[in-house]
Amino acid sequence: MIETIRQYLGEEADYLLNHKAESIPQSTITTPSPTYLDDVFTYTNRNNQVLRSLQSLYGTGRLANTGYVSILPVDQGIEHSAGASFAKNPIYFDAENIVKLAIEGGCNGVASTLGVLALTSRKYAHKIPYIVKVNHNEMLSYPNKYDQVMFASVKQAWNLGAAGIGATIYFGSPESTRQLQEVSEAFALAHELGMFTILWCYLRNEAFIKDGVDYHTAADLTGQANHLGVTIEADIIKQKLPTVNGGYTALNMGESSYGKTDKRIYSELTTDHPIDLTRYQVANCYMGKIGLISSGGASGANDFAEAVKTAVINKRAGGMGLISGRKAFQRPMDEGVKLLNAIQDVYLCEDVTLA
């Protein structure tokens, strides 16, 4: 298995597999394990029904009882428009095929829209944990705008048998304070009803692109977004891999004033290595006590290699898994299954260790 992973990583194999993270040592973080729920969540305010729902997630699929998760998210029919998302592979206009891919791909759970999961719930909700994404950015208003609005209620998710709910907050956007309030209330009700919560902690503001550099994936800014997410009791944080750092410093150049930072973030707590940058994201999730899952990203020419690379970075940084959609469903189902399995193999491979 490790040789296959090395082949996917190519020239970056040693750079990624042999790196030692020293800025934030592995001994200081909580890492995924078969006893993760017992070690962390039994001491929280989450009720027994939430614990049972979390156990259903961690106990399903090829990664069952490892502490790691592989989730198939398909909300692209709304977030990116159905035509743009499914034209490459029209079978996924049929909601049932989304759930079938998650099951055949050995995933821990499937995250999708109210419509997709409600249509299939009596057939599959007892076979794989359902995660209802309750808010979305719709792409039909003209001109397009970027705002997450509620499409579903927590009670609807509970009624169809969902084990958890998911939501997005566009941190940094003008609408983020409203989204923060809405999602916080939704998460509180979900916990009351016994469902776990996953937060897509994304950044969205045109000002975050400065001097040709896109700081939407800066480690310092995404790390803070993660910290805001765990503050409203997200049980799992979804975040994009960091590709740069120094978002705060870039946005504070000249006479501008934005946020709060500390130079030690850049000199002591991180380096420019992707595993160290991701470790900083993990640190902002209460030092790993709340699991960090990384986004699989858009589909492209080297999906298998990119997916494996992302999984290696996430795992070695102390993350909990991958939530990968487009790379899997924008190809024939058998290939999608193989891609999901390739991701899962990274977490099953004992030779891919914590950095």
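Around atom NZ of K145, no more than 12 heavy atoms belonging to other residues, nucleotides or ligands sit under 6.0 Å away. Summarising the local packing, CG of N48 is surrounded by 12 or fewer heavy atoms from other residues, nucleotides or ligands at distances under 6.0 Å.
The salt bridge (Lys or Arg N to Asp or Glu O under 4.0 Å) test applied to K315 returns no partner, not counting sequence neighbours. For H191, the ring pair (Phe, Tyr, Trp, His ring centres under 6.0 Å) criterion is met by no residue, not counting sequence neighbours.
A distance of 8.5 Å separates OH of Y68 from CE of M320, quoted to the nearest 0.5 Å. Atom CD1 of I323 is separated from atom SG of C107 by 9.5 Å, given to the nearest 0.5 angstrom. Between atom CZ of residue R316 and atom OG1 of residue T278 there is a gap of 11.5 Å, rounded to the nearest 0.5 Å. In this structure, N89 CG and F329 CZ are separated by 9.0 Å, a value rounded to the nearest 0.5 Å. Rounding to the nearest 0.5 angstrom, the gap separating the CG atom in L339 from the CD1 atom in I343 is 5.0 Å. Taking CG from D220 and CD from Q281, the interatomic distance works out to 10.5 Å, rounded to the nearest 0.5 Å.
Between K309 and E12, at least one side-chain N (NZ, or NE/NH1/NH2) sits under 4.0 Å from a carboxylate O, which counts as a salt bridge. A salt bridge is absent between K263 and E268: the closest approach of a Lys/Arg side-chain nitrogen to an acidic carboxylate oxygen does not fall below 4.0 angstrom. In summary, R204 and D147 do not engage in a salt bridge, as defined by a charged side-chain N under 4.0 Å from a carboxylate O. Classification of R264 and D262 as a salt-bridged pair holds, one side-chain N sitting under 4.0 Å from a carboxylate O. For K289 and D39, the salt-bridge test fails: no basic side-chain N is under 4.0 Å from an acidic carboxylate O. Under 4.0 Å is where a charged nitrogen must lie from a carboxylate oxygen, and between D14 and R6 at least one such pair does.
With hydrogens and angles ignored, the 3.5 Å screen pairs a side-chain donor or acceptor of N341 with a backbone N or O of G105. Distance alone, capped at 3.5 Å, places no donor-acceptor pair between the T60 side chain and the P129 backbone. In this structure, T28 contributes its side chain and P25 its backbone to a donor-acceptor pair below 3.5 Å. Under the 3.5 Å distance criterion, the side-chain polar atoms of S112 are left unmatched by any main-chain donor or acceptor of L117. Remark: the backbone N or O of C201 is paired with a side-chain donor or acceptor of Q239 at under 3.5 angstrom. A distance-only check finds a donor-acceptor pair linking the side chain of H216 to the backbone of N205 [under 3.5 Å].
Across every non-hydrogen atom of D38 and Y43, the tightest pair is O-CE1, 3.6 Å. Across all their heavy atoms, G194 and S53 have their closest contact at O-OG, 2.6 Å. Taking all atoms of both residues into account, the shortest heavy-atom contact from A283 to I24 is CB-CD1, 3.8 Å. Here the shortest heavy-atom pairing between T271 and L277 reads O-CD2, 3.1 Å. Closest non-hydrogen pair, D214 versus V244, comes out as O-CG2, 3.7 Å.
Two rings, from Y258 and Y248, have their centers less than 6.0 Å apart.
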Enumerate donor-acceptor pairs with a distance under 3.5 Å from any side-chain N or O in residues 347-355 to protein atoms, sequence neighbours excluded.
from	atom 1	to	atom 2	distance (Å)
Y347	OH	A311	O	3.4
Y347	OH	N314	OD1	2.9

Query raised in the report: Going through the checks in order, is the side chain to side chain contact (heavy atoms under 4.5 Å, CB included) test met by E138 and S141?
Result: CA-CA 7 Å; E138 58 87 14; S141 296; 2.4 Å; yes

Requested in this report: Could you walk me through whether S70 and Q344 pass the side chain to side chain donor-acceptor pair (under 3.5 Å) test, one step at a time?
Outcome: CA-CA 7 Å; S70 166; Q344 294 152 10; 3.1 Å; yes

**Report entry** side chain to side chain contact (heavy atoms under 4.5 Å, CB included) assessment of N135 paired with V149
**Finding:** CA-CA 5 Å; N135 67 357; V149 296; 5.9 Å; no

Report task. Decide side chain to side chain donor-acceptor pair (under 3.5 Å) for D303 and Q330; before the verdict, give the C-alpha distance in whole Å, the side-chain angles of both, and the deciding distance to 0.1 Å. Result -> CA-CA 10 Å; D303 283 346; Q330 289 187 334; over 6 Å; no

Report task. Apply the test side chain to side chain contact (heavy atoms under 4.5 Å, CB included) to residues L101 and Y92: give CA-CA distance (whole Å), side-chain angles for both, the deciding distance (0.1 Å), then the verdict. Result -> CA-CA 10 Å; L101 175 61; Y92 290 106; 3.5 Å; yes

Requested in this report: Could you give me the CA-CA distance, side-chain angles and deciding distance for Q49 and R52, then say whether side chain to side chain donor-acceptor pair (under 3.5 Å) is met?
Outcome: CA-CA 5 Å; Q49 300 291 351; R52 183 168 64 178; 2.6 Å; yes

Query raised in the report: Between Y286 and T231, is a side chain to side chain contact (heavy atoms under 4.5 Å, CB included) present by the stated rule, with each step listed?
Result: CA-CA 9 Å; Y286 296 150; T231 300; 4.0 Å; yes

Report task. May I have the step-by-step check of side chain to side chain donor-acceptor pair (under 3.5 Å) for T168 and K133, ending in yes or no? Result -> CA-CA 8 Å; T168 298; K133 183 73 162 37; 2.9 Å; yes

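For T261 and Y266, the side-chain atoms include at least one donor-acceptor pair closer than 3.5 Å. In this model, no donor atom of one side chain and acceptor atom of the other lie less than 3.5 Å apart for T113 and D75. Using a 3.5 Å distance cut-off with no hydrogens or angles, the side chains of E96 and Y124 do pair a donor with an acceptor.
The cationic group of K240 lies under 6.0 Å from the six-membered ring centre of Y202 and within 45° of the ring axis, placing it in a cation-pi geometry.
Between H273 and Y15, the ring-plane angle classifies as tilted under the 30° and 60° cut-offs.
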